[in-house]
Amino acid sequence: EINYLRAQIARISAGTHISPIDYFKFEEEDEDESMAEGRDSYTLNVEFEPLQVEELVEPSLMNWVHHVQHILPQGRCVWVNPAVKGEAEDFEDEEEEEEEEGLEEIQQEEGPPLLTPISQDYDVDGLPAWSAARTSDLVPRYAVAFLRSNAWPGAYAFGVDKKFENVYIGWGQ
């Protein structure tokens, strides 16, 4: 059960850690790399201009992005080809090699890149993946934007000015 719990926590974290757009940026040296390779690191954007609460709760959800790598169906963040042998497996006999030749070529799994807007998340039972609202309509100048995950009930993100946070209070359902 401990392995299942760890895997479930990783899935929830990967799917629910979000931040306001432009809060993080890709490192300068990564800009030269092609987008096909994907980027796996970013830095804090010191020139970040905070968004207003009204912008953070827009129904388009274009002002929030994922800042944690997606977990592939394989169970990893970076795809590993199971057909490629490691150095420790070189001693396999010829019969196993012949069996592997008959296998179809494995399709590489790809997930969304880092800093992808949450508006591109899959819908959940006909609902968008996230629901956005303000904490108060009575006193808007003190309101905080918050988002609730419809994929992982109990996952919330909130933001105001240059502050944001993610929290999960649930049981992995």
Side-chain angles (χ1 to χ4, degrees), residues 5-79 109-173:
L5 178 61
R6 172 66 187 104
Q8 195 71 334
I9 291 169
R11 290 179 63 217
I12 293 167
S13 295
T16 61
H17 279 172
I18 60 175
S19 59
I21 195 165
D22 295 330
Y23 188 83
F24 295 109
K25 67 177 184 173
F26 291 113
E27 295 176 6
E28 299 298 324
E29 66 244 15
D30 285 348
E31 290 180 7
D32 296 336
E33 295 179 13
S34 68
M35 290 302 289
E37 293 179 25
R39 297 174 175 168
D40 61 357
S41 63
Y42 52 82
T43 60
L44 183 64
N45 183 2
V46 293
E47 299 170 0
F48 173 68
E49 291 295 324
L51 300 170
Q52 298 297 318
V53 171
E54 292 79 26
E55 295 173 305
L56 292 174
V57 297
E58 283 182 357
S60 69
L61 301 175
M62 290 296 296
N63 292 321
W64 291 87
V65 297
H66 289 280
H67 63 259
V68 174
Q69 285 186 325
H70 179 76
I71 296 182
L72 302 172
Q74 186 183 54
R76 304 169 187 238
C77 293
V78 178
W79 188 73
E109 298 172 359
E110 293 182 15
L114 279 176
L115 305 183
T116 300
I118 64 172
S119 60
Q120 296 179 7
D121 288 2
Y122 294 110
D123 289 348
V124 179
D125 296 330
L127 296 171
W130 294 88
S131 300
R134 275 193 295 249
T135 55
S136 173
D137 287 331
L138 298 174
V139 188
R141 87 176 161 183
Y142 296 116
V144 173
F146 75 93
L147 283 83
R148 180 176 49 92
S149 173
N150 294 322
W152 293 103
Y156 294 88
F158 64 88
V160 63
D161 296 326
K162 289 190 174 188
K163 298 175 225 144
F164 76 94
E165 195 59 61
N166 298 275
V167 63
Y168 178 75
I169 304 168
W171 54 89
Q173 297 291 324

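Closest of all the heavy-atom pairs between L56 and L51 is CD2-CD1, 3.7 Å. Considering every non-hydrogen atom in both V57 and R134, the closest pair reads CG1-N, 4.1 Å. For P153 against Y168, the heavy-atom pair with the smallest separation is O-CE1, 3.4 Å. Residues L61 and A132 share a closest heavy-atom pair of CD2-CB, 4.0 Å. S60 and S119 make their closest contact through O-CB, 3.1 Å (heavy atoms, listed as atom of the first residue, atom of the second, distance). Considering every non-hydrogen atom in both W64 and A157, the closest pair reads CZ3-CB, 4.4 Å.
Salt-bridge check for D22 with K25: failed, with every basic side-chain N at 4.0 Å or more from each acidic carboxylate O.
With I118 as the fixed residue, the side chain to side chain contact (heavy atoms under 4.5 Å, CB included) test singles out one of I21, I18, T16: I18.
Under a cut-off of 6.0 angstrom, the local environment of CD in Q52 is sparse, with at most 12 non-hydrogen atoms contributed by other residues, nucleotides or ligands.
Between R76 and I71 there is no side-chain heavy-atom pair separated by less than 4.5 Å. Looking at heavy atoms from C-beta onward, R11 lies in side-chain contact with W152 at the 4.5 angstrom threshold. With contacts defined as side-chain heavy-atom distances shorter than 4.5 Å, the pair P112/H66 does not qualify. Side-chain contact check for T116 versus V65: every heavy-atom pair is 4.5 Å or farther apart. H70 is not listed as a side-chain neighbour of E110, based on a closest heavy-atom distance of 4.5 Å or more. Taking the side chain as every heavy atom from C-beta outward, F24 and T43 never approach each other to under 4.5 Å.
Between the side chain of S13 and the main chain of A10, no donor-acceptor pair closer than 3.5 Å is present. A donor-acceptor contact shorter than 3.5 Å links the side chain of N45 to the backbone of E47. A donor-acceptor pair is defined here as one N or O able to donate and one able to accept, closer than 3.5 Å; such a pair exists between the side chain of E109 and the backbone of Q74. No donor-acceptor pair closer than 3.5 Å links the side chain of Q120 to the backbone N or O of P117. Side-chain N or O atoms of N166 include none that pairs as donor or acceptor with a backbone N or O of H17 at under 3.5 Å. Under a 3.5 Å cut-off, the side chain of T135 and the backbone N or O of V144 do form a donor-acceptor pair.
Side-chain atoms of H67 and S19 include a donor-acceptor pair closer than 3.5 Å. For the 3.5 Å distance criterion, the side chains of W130 and N150 fail to qualify, holding no donor opposite an acceptor.
Y156 contributes atom OH, which lies 15.5 Å from atom CD of E165 (distance to the nearest 0.5 angstrom).
Proximity of the aromatic rings of F164 and F158 is defined here by a centroid distance below 6.0 angstrom, and this criterion is not met.
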Ring pair (Phe, Tyr, Trp, His ring centres under 6.0 Å) between Y42 and F26: does it pass, once the steps are laid out? CA-CA 4 Å; Y42 52 82; F26 291 113; 7.3 Å; no

